[in-house]
Undergrad: 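Let me give you the structure first, and then I'll get to my questions.
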4 protein chains.
Amino acid sequence: MMNRVVLVGRLTKDPELRYTPSGVAVATFTLAVNRPFSNQQGEREADFINCVVWRKPAENVANFLKKGSMAGVDGRIQTRNYEGQDGRRVYVTEVLAESVQFLEPKNSSGNTGGGGRSNDFYGAPPREPQGSSYGGGNQNQRQNSNQGFTRVDDDPFAGSGQIDISDDDLPF
Amino acid sequence: MMNRVVLVGRLTKDPELRYTPSGVAVATFTLAVNRPFSNQQGEREADFINCVVWRKPAENVANFLKKGSMAGVDGRIQTRNYEGQDGRRVYVTEVLAESVQFLEPKNSSGNTGGGGRSNDFYGAPPREPQGSSYGGGNQNQRQNSNQGFTRVDDDPFAGSGQIDISDDDLPF
Amino acid sequence: MMNRVVLVGRLTKDPELRYTPSGVAVATFTLAVNRPFSNQQGEREADFINCVVWRKPAENVANFLKKGSMAGVDGRIQTRNYEGQDGRRVYVTEVLAESVQFLEPKNSSGNTGGGGRSNDFYGAPPREPQGSSYGGGNQNQRQNSNQGFTRVDDDPFAGSGQIDISDDDLPF
Amino acid sequence: MMNRVVLVGRLTKDPELRYTPSGVAVATFTLAVNRPFSNQQGEREADFINCVVWRKPAENVANFLKKGSMAGVDGRIQTRNYEGQDGRRVYVTEVLAESVQFLEPKNSSGNTGGGGRSNDFYGAPPREPQGSSYGGGNQNQRQNSNQGFTRVDDDPFAGSGQIDISDDDLPF
DNA sequence: TTTT
DNA sequence: TTTT
C-alpha cells in the first residue's frame with residue numbers, strides 16, 4: 001500500500017489554525033493548482049485541493065502563509081466521512097500534509113528572516129507529548145488572525161463518536 | 001504548479017466502464033489504501049480513494065482489474081463540482097489516473113498472458129481522434145459486466161452546462 | 001512497475017541545450033535540493049540531482065531558467081551506463097523530467113511576460129515528428145549561451161554501441 | 001525544496017544488511033523498474049535503481065525481501081561522493097527509502113504470517129537511541145545470509161573524513 | 001459505505 | 001465557490 005501526494009500551488013485564502021482540546025495545532029488551507037493544459041474554451045482551469053497539517057508545521061503555515069502564497073505540500077490523501085447537518089453521510093477527500101514548503105521569493109512580505117533560514121515546515125512527529133502546550137507556542141511573526149481560535153477533537157479525521165464540539169470546529 | 005499522486009491499493013469493487021457520446025472510454029474505481037499506522041484502538045484504517053481513467057487504459061482497467069485486485073495509480077488530483085439533486089453544490093475530489101499498474105501475481109486468476117506481456121496501462125494520450133470508435137474495442141478478456149454501458153458527457157469533470165445525460169451517467 | 005520523482009530546487013548553473021543529429025532538443029541541468037534536516041554539524045546539506053529534458057520543454061528550460069532559478073521537476077529516474085575514457089563502465093542515475101515548472105516570482109529578471117502566461121513546460125510528446133527542425137526553433141528570449149551547440153545521439157540514454165560522437169556530447 | 005520518489009519494481013538480488021559501529025542497521029538493494037514503453041528495437045528496458053534504508057525497516061527488508069521480490073519504495077533521492085580507489089571522485093545518486101512496501105502475493109514463499117500482518121516497513125525514526133542494539137535484533141525469519149555482517153560508518157552518505165573502514169563496507 |  |  002502506498003499513498004503519496006506532491007502539490008505546488010497557491011493558497012486560495014488565509015490558512016485557518018485551530019487547536020484540539022489537548023492543545024494540538026491543526027491548520028487547514030486550500031491550494032489552487034493550475035492544470036497543465038487548457039480546456040476546450042482555451043481556459044486554464046485549476047484544482048482546488050483541501051489540505052490539513054498538524055502540530056508545529058500547522059503553526060508555521062498559519063504564521064508564514066497567507067492568501068496567494070505559493071506553497072508546496074508533500075503528504076498523503078486521506079478520506080473520512082461524517083454525518084451532515086441533514087443526517088446524510090458526507091464523504092471528504094483531502095490531503096494530509098506531512099511537510100509544507102514556503103515557495104515565495106525572499107523579498108516577499110513577511111519573510112525578512114536572515115540568511116540561512118529554511119523555508120520548509122517538516123515533521124508531523126508521530127507522538128509529540130500532548131496536552132501541556134495548549135494555546136502555547138503561538139508567538140507569531142505575522143500576528144495570527146484567529147485569536148480566539150476554536151477547539152477541535154484530537155483527531156478530526158476519525159469522526160469517532162462523542163465529540164463535544166460543533167461541526168464548525170471541524171476542518172472544512 | 002505541480003500535482004502528482006501515486007497510490008497502491010486494492011479495488012473495493014469491480015471497476016465501472018462507461019463511454020461518452022463520442023465514444024471515449026472512461027473507467028472509475030475506488031482504491032482502498034491501508035494506512036501505514038494504527039489508530040488509538042490499534043486498528044489499521046484505510047483511505048478509500050476514487051479514481052478515474054480515460055481511453056485505452058480505462059478499457060484495460062475494466063478488463064484486467066476486479067474487486068480485490070491490487071493496483072498502482074500514477075496521476076493527479078482533480079476537483080470538480082456539480083449541482084446535487086437537492087440543488088446544493090456538491091464538491092468532488094478524485095484522482096485522475098494517467099497510468100494504472102496491475103500488481104497482481106502472474107499466477108492470479110485471469111492473468112494467463114504469455115511471457116513478455118506488460119502489466120501497466122499507460123498513456124491517456126491528450127488528443128486521440130474521437131468519435132469513430134464508439135462502443136468498439138471492447139473485446140474483453142473478462143467479459144465486462146456493464147453491457148449496455150451508459151454514456152457520459154465528453155468531459156465529466158467539466159460539469160459544463162447543458163449536459164443531456166442524467167446524473168447517473170457521471171462517474172461517481 | 002512505477003517510477004515517479006518530484007523535485008523542487010535551484011539550478012546549480014545555467015542549463016545546457018544540445019540537439020541530436022535529427023534535431024531533437026535535449027537540455028541538462030542540475031538541481032540543488034536542500035535536505036529537510038541538518039547533519040551532526042548543524043549544517044543544511046543539499047542533494048545535487050542531474051536532470052534531463054527533451055524536445056520543447058528542453059528549449060523552454062534553456063530559455064527561461066538559469067543558474068539559481070528555482071524550478072520544479074516531475075519525472076522518472078533513469079539509469080544508463082557507458083564505457084568511460086579509461087575503459088571502465090560508468091553508471092549514471094539521473095532524472096528524466098517529463099515536465100519542468102518555473103517557480104520564480106513574476107518580478108524576477110527575465111520573466112516580464114504579461115498576465116496569463118503559464119510557467120510550466122509540459123509534455124515530452126512520445127513521438128514528435130523528427131528531423132526537420134534541426135537547429136531551428138531556437139529564437140530565445142534570453143539568448144542561449146551555447147551557441148555552437150553540439151550534437152548528441154538520438155538517445156543519449158541508450159549508450160548503445162556505435163555512437164559517432166564524442167563523450168562530450170553526452171548529457172553529463 | 002521538495003524531493004520525493006516513489007518506485008515499484010523487483011529486487012535484482014538479495015538485499016545486503018550491514019551495521020554501523022554504533023549498531024544501526026542499513027540495508028541496500030537495487031530495484032529493477034521496467035520502463036512503460038519500448039525502445040526502437042521493441043524491447044522493454046528497465047532502470048536499475050540503488051536504494052538504501054536504515055534502522056528497523058532495513059532489517060525488515062533483509063528478512064522479507066529477496067531477489068525477485070516485488071517491492072514499493074517511498075523516499076528521496078540522495079547524492080554523495082567519495083574518493084575512488086584510483087583517487088578520482090566518484091559521484092553516487094541513490095534513493096533513500098523512508099518506507100518499503102512488500103508487494104508479493106500472500107501465497108508467496110516466506111510470507112506465511114497470519115491474518116492481519118502488515119506488509120509495509122515504515123518509519124526511519126529520526127533519532128532512535130543508538131549503540132546498544134549492535135548486532136542484536138537479527139532473529140530473522142529467513143535466515144539472513146550475511147552472517148558476519150560488516151560495519152559501516154554511522155552515516156555512509158556523509159563521506160565525512162576519517163572513516164576506519166574499507167570501501168567494501170560502504171553501501172554500493 | 002468499501003479492499004486484503 | 002476559491003490562487004497568480
Side-chain angles (χ1 to χ4, degrees), chain A residues 1 3 7-16 28-35 44-51 65-71 73 79-83 88-93 103-105 108 159 172, chain B residues 1 3 7-16 28-35 44-51 65-71 73 79-83 88-93 103-105 108 159 172, chain C residues 101-108 111 113-120, chain D residues 101-108 111 113-120:
Chain A
M1 303 297 192
N3 183 340
L7 306 172
V8 173
R10 291 188 180 277
L11 290 243
T12 61
K13 46 187 177 56
D14 287 357
E16 296 187 23
T28 58
F29 58 95
T30 298
L31 272 190
V33 184
N34 297 325
R35 294 183 180 168
R44 273 298 200 81
E45 294 177 88
D47 295 292
F48 300 96
I49 303 169
N50 292 332
C51 299
L65 298 179
K66 60 177 195 295
K67 177 177 177 171
S69 297
M70 177 168 280
V73 162
T79 59
R80 58 188 171 92
N81 61 81
Y82 62 91
E83 175 121 338
R88 282 193 308 118
R89 192 129 295 264
V90 180
Y91 294 88
V92 176
T93 299
L103 295 174
E104 289 297 300
S108 277
F172 305 110
Chain B
M1 303 300 192
N3 183 340
L7 305 172
V8 173
R10 291 187 181 277
L11 292 244
T12 60
K13 44 188 178 57
D14 287 358
E16 296 187 21
T28 58
F29 57 94
T30 299
L31 272 189
V33 184
N34 297 325
R35 294 184 180 168
R44 275 299 199 83
E45 294 177 89
D47 295 291
F48 300 96
I49 303 170
N50 292 332
C51 299
L65 298 180
K66 60 176 195 294
K67 178 174 177 174
S69 296
M70 177 167 280
V73 163
T79 60
R80 58 187 172 91
N81 61 81
Y82 61 91
E83 176 122 334
R88 283 193 309 117
R89 191 129 294 265
V90 181
Y91 294 88
V92 176
T93 299
L103 296 173
E104 289 297 301
S108 275
F172 303 111
Chain C
Q101 171 73 16
F102 183 17
L103 295 173
E104 289 297 299
K106 349 49 339 246
N107 50 309
S108 277
N111 187 351
R117 193 169 65 62
S118 165
N119 274 335
D120 60 304
Chain D
Q101 172 74 17
F102 184 19
L103 296 174
E104 289 297 301
K106 34 289 95 212
N107 51 309
S108 277
N111 186 351
R117 193 169 65 63
S118 165
N119 273 336
D120 60 303

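To find a chain, count down the sequence lines: A is the first, B the second, and so on, and within it residues start at 1. Side-chain atoms are counted along with the backbone in the values below, which use heavy atoms only and exclude waters and symmetry mates.
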Undergrad: Find the distance C:Gln101:CD to F:dT4:C1' and express it as a whole number of Å.
TA: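 My rounded result for the distance is 11 Å.
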Undergrad: Can you name the closest pair of heavy atoms from A:Ala71 and A:Leu11 and give their distance?
TA: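 Between these two residues, the closest heavy atoms are CB-CD2, 4.1 Å.
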Undergrad: How many whole angstroms separate atom NZ of A:Lys67 from atom C1' of F:dT3?
TA: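 Nearest whole value for this atom pair: 8 Å.
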Undergrad: Between F:dT4 atom P and C:Glu104 atom CD, what is the distance in whole Å?
TA: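 Rounded to the whole Å, the gap is 18 Å.
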Undergrad: Please work out if A:Met70 contacts a base, only the sugar-phosphate, or nothing of the nucleic acid, heavy-atom cut-off 4.0 Å.
TA: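 Counting heavy atoms under 4.0 Å across all strands, no contact is made by A:Met70.
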Undergrad: Rounded to the nearest angstrom, tell me the gap between atom CG in B:Asp14 and atom C1' in E:dT2.
TA: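 One finds 13 Å between C1' of E:dT2 and CG of B:Asp14, rounded.
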Undergrad: Kindly write out the residues that satisfy side chain to side chain donor-acceptor pair (under 3.5 Å) with B:Arg88, not counting sequence neighbours, or none if the list is empty.
TA: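 Counting only residues at least two positions away or on another chain, B:Arg88 forms a side chain to side chain donor-acceptor pair (under 3.5 Å) with B:Asp86.
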Undergrad: To the side chain of B:Met1, which of F:dT3, F:dT1, E:dT4 is closest?
TA: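 My answer, after comparing the listed nucleotides, is F:dT3.
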Undergrad: Going by the rule side chain to side chain contact (heavy atoms under 4.5 Å, CB included), which residues pair with B:Asp47 if we only count those two or more places apart in sequence or in a different chain?
TA: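 Only A:Asn3, A:Arg76, A:Gln78, A:Thr79, B:Arg35, B:Ile49 meet the side chain to side chain contact (heavy atoms under 4.5 Å, CB included) criterion with B:Asp47.
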Undergrad: Write down the distance between CG (C:Leu103) and C1' (F:dT3), rounded to a whole number of angstrom.
TA: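 Value for this atom pair: 15 Å.
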Undergrad: On a heavy-atom basis, which atom in B:Lys66 and which in B:Asp14 lie closest, and how many Å separate them?
TA: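 The pair with the smallest heavy-atom distance is CB-OD1, 3.3 Å.
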Undergrad: Compare the minimum distances between each of F:dT2, E:dT3, E:dT2 and the side chain of B:Thr30, then state the nucleotide with the smallest one.
TA: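 Among the listed nucleotides, the one closest to the side chain of B:Thr30 is E:dT2.
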Undergrad: In whole Å, what is the span from the CG atom of A:Asn34 to the P atom of F:dT4?
TA: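 Computing the A:Asn34:CG to F:dT4:P distance gives 11 Å.
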Undergrad: Which nucleotide, E:dT4, F:dT2, E:dT2, lies nearest any side-chain atom of B:Phe48?
TA: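 The listed nucleotide nearest to B:Phe48's side chain is E:dT2.
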Undergrad: Could you tell me the separation between the NZ atom of A:Lys66 and the P atom of F:dT3, rounded to a whole number of Å?
TA: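 Answer to the nearest Å: 15 Å.
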Undergrad: What's the closest nucleotide to the side chain of B:Tyr91 if the choices are E:dT4, F:dT3, F:dT2?
TA: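 The closest nucleotide is F:dT2.
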Undergrad: Need one value for A:Gly68: base, sugar-phosphate or nothing, where a base atom within 4.0 Å counts as base even if backbone is also close, heavy atoms only.
TA: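 Sugar-phosphate only.
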Undergrad: Expressed as a whole number of angstroms, how long is the span from A:Leu7:CG to F:dT2:P?
TA: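 Result: 20 Å.
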Undergrad: Taking side chain as C-beta onward, heavy atoms only, is A:Thr93 less than 4.5 Å from B:Asn50?
TA: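 In short, these two side chains do not touch, never coming nearer than 4.5 Å.
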